[in-house]
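Residues take their numbers from the sequence shown, with the count starting at 1. We use all heavy atoms of the structure for the numbers below, so side chains are in, but hydrogens, waters and symmetry mates are not.
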Amino acid sequence: MLLETQTDLISNVDIDHFFDAHSKYTYEEYAQKAIQYVSSFLNTNKFFSGESPSNLRSKVDLIKADANIKLSIDEALLEIKELYLDHTIAFHHPNYVAHLNCPVLLPALIGDFIASSVNTAVETWDQSTSATLIEQEMIRWITSKMGLPSSSDGVFTSGGTQSNFMALLMARDHYAFKHYGLNLKENGWSDVVGKFRFFCSEKSHFSIKKNAALMGMGYDAVIPIATDERMKMKPNALVQAIEKEKQLGNIPIAIIGTAGTTDFGSFDPLSTISKIAKEYDIWFHVDGAYGGCYVLTDTHKHLFNGIELADSITIDFHKTMFQPVCSSAFLTRDTKHFKYISYYADYLNPLEHRDEECPNLIEKSIQTTRRFDALKLWFTLKMTTEKTIGSFLEKVHWLALDLYHSIKDDDNFEIAHKPELSTLVFRYKANGVDEDTIHNTINLYIKNTLFKSGQASIASTKLNDKTYLKFTLLNPKSTINDLLSIIAMIKETGNNYKSSN
């Protein structure tokens with residue numbers, strides 16, 4: 001009797017929404033309707049509605065997830081539109097130039113759509129089969145572009161921060177094992193690790209310090225190195241810093257060079273740094289999260305000299321290869337280095353069942369469940385070609401240079417650098433104002449006012465305690481007129497602030 005009651009309960013549960021052969025027509029219907037809503041989002045006149053945070057929070061009935069009223073697909077999509085699509089940030093809009101958020105390519109969207117629908121988890125061969133081969137091919141492709149040897153390997157990650165974490169972890173554990181015979185993975189912390197030091201540019205990504213802290217080594221384990229007028233690490237300063245730490249009793253274990261800093265797009269002198277790393281017999285990591293994909297261009301290939309000697313590399317395809325997030329990879333020149341993060345679980349990937357013909361990618365990842373993010377990149381290359389991607393990157397680089405030349409002689413602007421990739425850092429200077437603190441206030445006012453109005457999204461950063469504005473150009477469809485229109489908005493907003501104060 002109990003069994004019959006339970007069966008009756010199960011039969012009354014609405015299971016029509018599961019994705020399977022019985023629901024394929026419903027799947028097509030839902031997808032078509034969703035596409036219509038997303039297509040309407042593309043027609044937005046502004047990058048953002050300008051809705052205030054308080055007004056968005058006031059949409060309590062829409063935000064609540066614990067609804068007891070079942071909605072139809074049309075009703076649910078309407079709520080998504082009213083809460084999300086009407087107020088989300090449009091990265092494809094020409095007036096969005098704030099951060100490293102790229103417009104996405106249609107083949108990438110289709111690849112992502114397929115991967116999400118099928119829901120492959122690239123953990124073990126018996127969960128992913130040929131998806132494993134596609135990810136391995138994408139890793140083979142990008143390691144060959146970087147000039148890494150046949151012993152190299154890699155894995156897709158959630159982004160640059162995770163990839164940099166893996167690099168620092170490998171560098172630490174490899175040095176500890178090679179020089180002290182310590183197996184940190186199995187035995188844990190040793191006092192000598194507290195003396196380990198990483199070296200990176202003072203303009204490097206914050207994730208280097210953050211990851212050192214997460215590894216229990218603290219911010220002080222990261223030694224920032226001075227940069228020159230082009231925002232590149234100074235090799236002489238690097239050597240001096242290494243020698244100083246040695247004199248203090250600390251132990252240099254790794255150098256992190258940057259291929260495209262977040263703010264300035266600057267490339268550290270990778271070839272020189274690689275020689276310094278070799279001389280000191282320490283790990284050489286290249287953070288190419290932003291600039292790494294520029295290896296596909298003709299204009300920037302010379303900047304990659306030396307990267308082929310890296311022990312590890314970070315690269316983000318969702319920054320400069322026009323992929324939906326997430327699409328990133330961590331690369332290492334020797335697949336054996338993955339032993340520092342691998343783990344063999346009896347129920348999932350037991351060591352005794354290890355088979356090179358049926359690899360388990362979980363052995364190379366700090367994640368367990370992981371999306372099939374390689375499919376959209378593979379599909380993009382199939383439909384677009386790497387040469388075309390390279391031309392897109394070259395276009396946004398030339399666009400940044402065009403903007404630089406357009407405003408460098410304008411008295412209302414102070415420019416921090418000449419673009420090396422696709423960013424331009426500058427600040428508005430009001431006529432008759434000499435105090436930096438006032439200019440700091442004005443520039444933040446400009447940024448916040450334009451964002452809140454939905455007119456334009458620009459970023460800000462600091463250089464020598466001065467507040468600067470930043471354009472990050474990732475849209476090949478943008479024009480110089482689009483950018484000059486934002487420049488005109490900046491001038492008008494700055495003049496309005498000065499007039500009212």
Side-chain angles (χ1 to χ4, degrees), residues 100 145-148 160-161 163-164 167-168 171 197-212 221-245 252-280 282-297 299-316 319-320 330-333 393 397 400 416-425 461 463-464 470 472:
L100 284 163
K145 291 299 169 186
M146 296 296 178
L148 295 179
T161 295
S163 295
N164 285 339
L168 268 59
R197 293 293 182 266
F198 303 103
F199 300 82
C200 63
S201 156
E202 62 185 357
K203 300 295 188 295
S204 65
H205 194 256
F206 71 84
S207 63
I208 305 302
K209 279 192 172 183
K210 178 179 179 179
N211 287 330
V222 178
I223 308 300
I225 307 301
T227 55
D228 60 20
E229 68 281 356
R230 295 178 298 169
M231 315 300 173
K232 298 171 180 284
M233 185 194 297
K234 293 180 177 179
N236 289 340
L238 171 62
V239 172
Q240 291 170 7
I242 291 174
E243 290 295 334
K244 179 181 178 181
E245 290 302 313
I253 68 164
I255 304 171
I256 297 92
T258 305
T261 56
T262 304
D263 275 344
F264 304 99
S266 50
F267 274 65
D268 289 333
L270 302 181
S271 182
T272 303
I273 293 173
S274 70
K275 294 173 184 176
I276 295 171
K278 183 177 181 180
E279 179 183 346
Y280 285 97
I282 58 180
W283 193 277
F284 175 37
H285 174 64
V286 177
D287 179 3
Y290 174 16
C293 290
Y294 271 81
V295 74
L296 303 179
T297 68
T299 51
H300 289 71
K301 277 188 178 178
H302 64 286
L303 296 173
F304 288 84
N305 291 338
I307 201 169
E308 71 280 1
L309 301 173
D311 293 291
S312 57
I313 300 171
T314 288
I315 186 167
D316 277 1
K319 285 187 172 68
T320 42
F330 168 76
L331 313 175
T332 180
R333 73 180 297 102
L393 296 176
H397 166 65
H417 68 126
K418 184 177 181 180
E420 190 157 37
L421 283 183
S422 63
T423 57
L424 182 64
V425 177
T461 189
L463 180 63
N464 300 325
K470 182 176 73 167
T472 303

Least distance between heavy atoms, [X] atom then [Y] atom:
{"X": "Ala277", "Y": "Trp283", "value": "CB-O, 4.4 Å"}
{"X": "Val222", "Y": "Ala212", "value": "CG2-CB, 3.7 Å"}
{"X": "Gly291", "Y": "Leu421", "value": "CA-CD1, 3.7 Å"}
{"X": "Thr297", "Y": "Leu393", "value": "CG2-CB, 3.8 Å"}
{"X": "Ile242", "Y": "Tyr280", "value": "CG2-CE2, 3.6 Å"}
{"X": "Ala171", "Y": "Ala254", "value": "CB-CB, 3.9 Å"}

Enter the distance from [X]:[atom1] to [Y]:[atom2] here, rounded to the nearest 0.5 Å.
{"X": "Asp287", "Y": "Ser163", "atom1": "CG", "atom2": "OG", "answer": "8.5 Å"}
{"X": "Met146", "Y": "Ile315", "atom1": "CE", "atom2": "CD1", "answer": "3.5 Å"}
{"X": "Cys200", "Y": "Leu238", "atom1": "SG", "atom2": "CG", "answer": "10.0 Å"}
{"X": "Glu229", "Y": "Thr227", "atom1": "CD", "atom2": "OG1", "answer": "9.0 Å"}
{"X": "Met233", "Y": "Ile276", "atom1": "CE", "atom2": "CD1", "answer": "8.5 Å"}
{"X": "Leu168", "Y": "Phe198", "atom1": "CG", "atom2": "CZ", "answer": "4.0 Å"}

Run the side chain to side chain contact (heavy atoms under 4.5 Å, CB included) test against [X] and tell me which residues pass, sequence neighbours left out.
{"X": "Lys210", "answer": "Phe206, Leu214"}
{"X": "Ser266", "answer": "Met231, Lys232, Thr261, Phe264, Glu420"}
{"X": "Ile223", "answer": "Arg197, Phe199, Ile225, Ala241, Glu245"}

Scan for salt bridge (Lys or Arg N to Asp or Glu O under 4.0 Å) pairs involving residues 299-316, sequence neighbours excluded, and state none if there are none.
Asp316-Lys319
Main chain of Ala310, side chain of Arg333: is a donor-acceptor contact present, judged purely on distance under 3.5 Å?
yes
Side-chain donor/acceptor of His205 to backbone N/O of Thr161, under 3.5 Å:
no
Just checking, any donor-acceptor pair under 3.5 angstrom between side chains of Asn164 and His285?
yes
Would you say that [X] contacts [Y] through its side chain, given a criterion of any heavy-atom pair below 4.5 Å between the two side chains?
{"X": "Asp268", "Y": "Lys203", "value": "no"}
{"X": "Val239", "Y": "Pro235", "value": "no"}
{"X": "Lys418", "Y": "Leu424", "value": "no"}

Contacts of type ring-ring contact (aromatic ring centres under 6.0 Å, His included), residue His300, not counting sequence neighbours
Tyr294, His397
Residues that Thr320 engages under side chain to side chain donor-acceptor pair (under 3.5 Å), provided they are two or more places apart:
none
Take Ile307 and Val295 through the side-chain contact (heavy atoms from CB on, under 4.5 Å) test and state the conclusion after the steps.
CA-CA 10 Å; Ile307 201 169; Val295 74; 5.9 Å; no
Let me know which of Thr423, Thr258, Thr262 forms a side-chain contact (heavy atoms from CB on, under 4.5 Å) with Tyr290.
Thr423
